[in-house]
Amino acid sequence: MRVIPLGPEASVGDFARYPGCRLAVTCAMCGWTKGYSPERIIHRLRELKAGGYTTPLAVVARRVQWPCPGCHRLKWRANLAWPPELTEAEAKRLAARARN
Ligand SMILES: [Zn+2]
């Protein structure tokens, strides 16, 4: 997945500005990564009364409490990222559609 460069204050809700993006949880130790639907993460945070749209991505990363399937350590990063199957042209098309 191609990580979308965002500042340290980036929150899950920022996904709305990047139509088609995923929330990527990446192991800081070995690079193992898994993509999630940002909407589902927000839904889950709300269900747990643990946050929502404004929850920083860093907080989401800290909430991941399972060890990495690749290296069995526990140090996660959360980013918004483009899935590999989404081309740049497609991303632009989705963004344009979201604006209209
Ligand atoms: Zn790992």
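Both ligands and their constituent atoms are indexed starting at 1 by order of listing. All heavy atoms count here, side chains included; hydrogens, waters and symmetry mates do not. Residue numbers run from 1 in the order of the sequence given.
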Test L57 against L23 for side-chain contact (heavy atoms from CB on, under 4.5 Å), laying out the working first.
CA-CA 9 Å; L57 288 169; L23 193 150; 4.0 Å; yes

Would you call the rings of Y18 and W82 parallel, tilted or perpendicular, taking 30° and 60° as the class edges?
perpendicular

Electrostatic pair R2-E88, nearest N-O below 4.0 angstrom
yes

Between W76 and W66, is there a donor-acceptor pair closer than 3.5 Å when you use the side chain of the first and the backbone of the second?
yes

Heavy atoms only: give me the nearest M29-C71 pair and the separation to one decimal.
CB-SG, 3.9 Å

Looking at residues at least two apart in the chain, or sitting in another chain, which of them share a side-chain hydrogen bond (donor to acceptor under 3.5 Å, both in side chains) with S11?
none

Under-2.8 Å protein N/O/S neighbours of the Zn ion (ligand 1), ordered by chain then residue number:
C27 SG, C30 SG, C68 SG, C71 SG

